[in-house]
Colleague: 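Dropping a structure here in structure tokens format, bear with me for questions.
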Protein chains: 2
Amino acid sequence: MKGIKRLAQHLDISIGTVSRALNGKPDVNEETRKRVLDAAAKLGYAPNQAGRSLRRGTTNAIGFMIETNEETEANSDNFFLGVIAGLTGALLRHNLDLVVLPCSVNEDPHDYLQRIVARRLVDAVIISATQREDRRIDLLKAAHVPFIALGRTGGPDEHAWIDLDFEGVAHEAVARLVARGHKQIAVAIPDTDINLGYVFRDAFIDALARHGLTVDPSFIIRARSSEHGGYTIGNAILAMEDRPTAVVLVYEMMAIGLYRRLNEAGLTPGQDLAIVGFREGPQSQFLSPALTCFRMSLRDLGIGLAEGLLATMPDYADLYPAGPMHKLWPMELVEGESDGMVIDR
Amino acid sequence: MKGIKRLAQHLDISIGTVSRALNGKPDVNEETRKRVLDAAAKLGYAPNQAGRSLRRGTTNAIGFMIETNEETEANSDNFFLGVIAGLTGALLRHNLDLVVLPCSVNEDPHDYLQRIVARRLVDAVIISATQREDRRIDLLKAAHVPFIALGRTGGPDEHAWIDLDFEGVAHEAVARLVARGHKQIAVAIPDTDINLGYVFRDAFIDALARHGLTVDPSFIIRARSSEHGGYTIGNAILAMEDRPTAVVLVYEMMAIGLYRRLNEAGLTPGQDLAIVGFREGPQSQFLSPALTCFRMSLRDLGIGLAEGLLATMPDYADLYPAGPMHKLWPMELVEGESDGMVIDR
DNA sequence: AGTGTCGCCAAAAACGTTTACGAAGCCCTA
DNA sequence: TAGGGCTTCGTAAACGTTTTTGGCGACACT
């Protein structure tokens, strides 16, 4: 005899009453409830999650879907991992379990998520790396699974999402570079289909336009979001006849690779090429010369995601402001020495 | 009508047969199986996890227990997060789900784990930050839950574990420092009850003894495993009348704080104080002067843990070598400039 | 005294799946 | 023709909960 049945037999009351006592239902004598609670604590009873999930139709877990590529090179995984730290903390307060949903690059994210939903493994999900048209969103809507997206899509966004404030960053970065005399400004965006690239590119073009500048198409450089990607950005720039005097990098790791490439060419970041980057983690903290970058706390971002997600879940919605969250996550400029004045050549 | 029942009705066969067909049981006509498989794919059917878990008594998930402190300062979380990246990849191959089990610092890890086990939330667990006497191990053994520990305990270790090769590191670090003329060597260990601290301290003392050196008790410095902890190590050393000429740091972040403290005092790492550190992540990659450190791949460590854990699970044991894994994880020395020759003062 | 109302609890159904068991049909052999 | 073995499938029980339903007694009110 196991589980609640054992507990009930031990107390000589019915399992229904035990269940109601443990779940705080009103129609149970307070003295009985106390007996049940004491016995449960003493015997170390906790309800079997499968049984509870089956009956309740709810799993008490939320999923965080990330893409994992098997390549050995360090990639943007670090980004998601930092977010997980914030998520666990926030979900712990509500006794929600976090299950990591790693989608292999070999599989269609939509199909992967479809299987997760069909299995009813989680009550709600966080999707990341949103694409311009992301079928996962239609899937989740149709299945009535609460969700929040980390990243905008191209379409109308009635659902909850949080995205980095790429427009704000682009404008601030461009304004700063223009003030320092730069006119030939390049931007590096990821080479995948992730919507982030399009958003940042457009924000960048718009920011330049505000200063009366147009962008040379070759100055929009697509690269992997890794250190190696940064290295290839260096290659691309060095190969240009008419080089940009400044470049804005959308991933932290890119800066590291670009520094390396410049150093190999005997050039100095911030002197021969102005660089403005992002900083999600501590990686670029000790680059020399110090990287001028936009910084964010991944942990806080994780907490924000948890709150935005909970707000979309019927059982928790009353704790949070109504309506799906649409939030542009602000970033803070950290002044370094990598975005120097333009030098006549 | 939902789930397997719907599928069965749609095909006009019994749910039992459908289930057997999907699970590859032998007693089902191959043509029938094909019909079932096709229909399942077309309708996007996947078995409800709660129902399956309840019946099978197995959840298809493994848990990774970590401790999360709510403090804002970046702590060793980064260590665990890196491991998660490796875990997800390895578990993905076996279609196992990973659930993160964050234990609040306010709660007894044993009680927390006890609840997880009672809920039967996961089939197996990875525990980390093992203590010298860790009651979680007795709990898991008694409950017959397969597990692997990241970190040794003080007791007899019949169970599976992986730990960093602290002995090897201590010996290599000390030998290197002694060869450079250092005789007054300090070590920094965590200020918590985690077993790692004792292991490293003992290995350190033993390594010194091999070179005929004894250790000044004040040279065993306890500090938090964070950047701030490294800063306090600097304070402690600077306050000593008879300072060590070298120090070995057991956490990556410590080096960053110690560098900062030394710089504030107008001292140069590697010149006024030799430093040997650890490097789990990319944090200290760009410290100047470059940190001499022992490096490891957290991702590989995660993969190793997954394999060690699977070997203890009856359903997977045949894929892996028999017997619980006891592994000292090797680390690789990265030569920097922070462990210079001793200078007469 | 009859009728509601309330507090408390037992009984039983339901959630979706897997699997033990047995039955039906068929072929083959004695 | 009886019986045995094989293949294939349907039936039903079981997993551990939660929740609905209803019942019993006590009490209050008319």
Side-chain angles (χ1 to χ4, degrees), chain A residues 1-37 39-40 43-61 95 97 115-123 143 315, chain B residues 1-37 39-40 43-61 115-123 143 315:
Chain A
M1 186 85 59
K2 285 174 3 186
I4 203 175
K5 230 178 279 184
R6 185 163 114 76
L7 198 57
Q9 183 170 299
H10 180 255
L11 290 165
D12 199 33
I13 51 184
S14 78
I15 60 171
T17 302
V18 173
S19 175
R20 288 198 311 277
L22 291 173
N23 287 301
K25 294 299 166 72
D27 56 347
V28 43
N29 185 296
E30 277 311 318
E31 202 235 347
T32 308
R33 188 192 306 278
K34 186 170 176 334
R35 282 181 57 220
V36 172
L37 256 33
L43 298 184
Y45 170 80
N48 178 296
Q49 186 62 47
R52 162 175 280 189
S53 294
L54 184 56
R55 170 63 221 220
R56 281 200 173 155
T58 188
T59 62
N60 204 53
N95 280 316
D97 301 311
R115 206 168 57 242
I116 299 294
V117 169
R119 286 172 63 203
R120 298 226 151 270
L121 186 63
V122 292
D123 292 337
D315 290 353
Chain B
M1 186 81 61
K2 282 169 17 183
I4 202 174
K5 230 178 280 185
R6 184 163 115 74
L7 198 57
Q9 182 170 300
H10 181 255
L11 290 165
D12 200 33
I13 49 184
S14 78
I15 61 171
T17 302
V18 173
S19 175
R20 287 198 308 276
L22 291 173
N23 287 301
K25 293 300 165 75
D27 55 345
V28 42
N29 186 294
E30 277 310 319
E31 203 234 347
T32 310
R33 188 193 305 280
K34 187 171 175 339
R35 280 181 59 219
V36 172
L37 256 33
L43 299 184
Y45 169 81
N48 178 295
Q49 186 63 47
R52 164 174 280 190
S53 295
L54 184 57
R55 169 65 223 219
R56 281 198 174 159
T58 189
T59 63
N60 206 54
R115 206 168 57 243
I116 300 293
V117 169
R119 287 171 63 201
R120 299 225 151 269
L121 186 64
V122 292
D123 291 337
D315 290 354

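This is a predicted model, so every value here is computed, not measured. Each chain gets a letter, A, B and so on, in the order its sequence line appears, and its residues count up from 1.
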Colleague: Can you name the residues that form a side chain to side chain contact (heavy atoms under 4.5 Å, CB included) with A:Ile4, not counting sequence neighbours?
Modeller: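 Side chain to side chain contact (heavy atoms under 4.5 Å, CB included) check on A:Ile4 returns A:Ile15, A:Val18, A:Ser19, A:Tyr45.
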
Colleague: If the sugar-phosphate is the primed atoms plus P, OP1 and OP2 and the base is the rest, what is the B/S/- string for nucleotides 15-24 of chain D, using protein heavy atoms under 4.0 Å?
Modeller: BBBBBB----

Colleague: Let me know the distance between CZ of A:Arg33 and P of C:dC9, rounded to the nearest Å.
Modeller: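 Taking CZ of A:Arg33 and P of C:dC9, I get 10 Å after rounding.
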
Colleague: Provide, to the nearest angstrom, the distance between the CD1 atom belonging to A:Ile13 and the P atom belonging to C:dA11.
Modeller: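 Between P of C:dA11 and CD1 of A:Ile13: 12 Å.
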
Colleague: Let me know the distance between CD of A:Gln9 and P of C:dA10, rounded to the nearest Å.
Modeller: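 Going from CD in A:Gln9 over to P in C:dA10 covers 13 Å.
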
Colleague: How would you list, by chain and number, every residue that makes a side chain to side chain contact (heavy atoms under 4.5 Å, CB included) with A:Asp12, sequence neighbours excluded?
Modeller: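 Not a single residue meets the side chain to side chain contact (heavy atoms under 4.5 Å, CB included) criterion with A:Asp12.
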
Colleague: Any pair with a residue in residues 50-61 of chain B that passes side-chain hydrogen bond (donor to acceptor under 3.5 Å, both in side chains), sequence neighbours left out, goes on the list, sorted by first then second residue, please.
Modeller: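 Applying side-chain hydrogen bond (donor to acceptor under 3.5 Å, both in side chains) to every pair that reaches into residues 50-61 of chain B, excluding sequence neighbours, yields B:Asn23-B:Arg52, B:Asn23-B:Arg56, B:Gln49-B:Ser53, B:Thr58-B:Asp123, B:Thr59-B:Asp123.
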
Colleague: Please identify each residue that fulfils side-chain hydrogen bond (donor to acceptor under 3.5 Å, both in side chains) with B:Arg115, with sequence neighbours left out.
Modeller: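 Counting only residues at least two positions away or on another chain, B:Arg115 forms a side-chain hydrogen bond (donor to acceptor under 3.5 Å, both in side chains) with B:Glu107.
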
Colleague: Name all residues meeting the side-chain hydrogen bond (donor to acceptor under 3.5 Å, both in side chains) criterion together with A:Lys34; count only those two or more places apart in sequence or in a different chain, and write none if there are none.
Modeller: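 For A:Lys34, the residues satisfying side-chain hydrogen bond (donor to acceptor under 3.5 Å, both in side chains) (neighbours in sequence not counted) are A:Asp38.
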
Colleague: Output all residues satisfying side-chain hydrogen bond (donor to acceptor under 3.5 Å, both in side chains) with A:Glu30, sequence neighbours left out; order by chain, then residue number.
Modeller: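 Listed in chain order: A:Arg33.
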
Colleague: Please check if the side chain of A:Arg20 supplies one atom and the backbone of A:Val28 the other of a donor-acceptor pair under 3.5 Å.
Modeller: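 No: the side chain of A:Arg20 does not pair with the backbone of A:Val28.
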
Colleague: Respond yes when some side-chain nitrogen or oxygen of B:Thr32 is under 4.0 Å from OP1 or OP2 of D:dT8, and no when none is.
Modeller: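 Answer is no, no contact under 4.0 Å.
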
Colleague: How many Å lie between CG on B:Asn29 and P on C:dG25, as a whole number?
Modeller: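 Interatomic distance, CG of B:Asn29 to P of C:dG25: 16 Å.
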
Colleague: Over the length of the helix from C:dA1-D:dT30 to C:dA30-D:dT1, how much do the five-pair end axes diverge, rounded to 10 degrees?
Modeller: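 For the helix from C:dA1-D:dT30 to C:dA30-D:dT1, the axes at opposite ends meet at about 70°.
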
Colleague: Check the distance between C:dA14's C1' and B:Met1's CE and give it to me in whole angstrom.
Modeller: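 My rounded result for the distance is 14 Å.
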
Colleague: Apply side chain to side chain contact (heavy atoms under 4.5 Å, CB included) to B:Asp315 and list each qualifying residue two or more places apart in sequence or on a separate chain.
Modeller: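 So B:Asp315 forms no side chain to side chain contact (heavy atoms under 4.5 Å, CB included) with any residue.
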
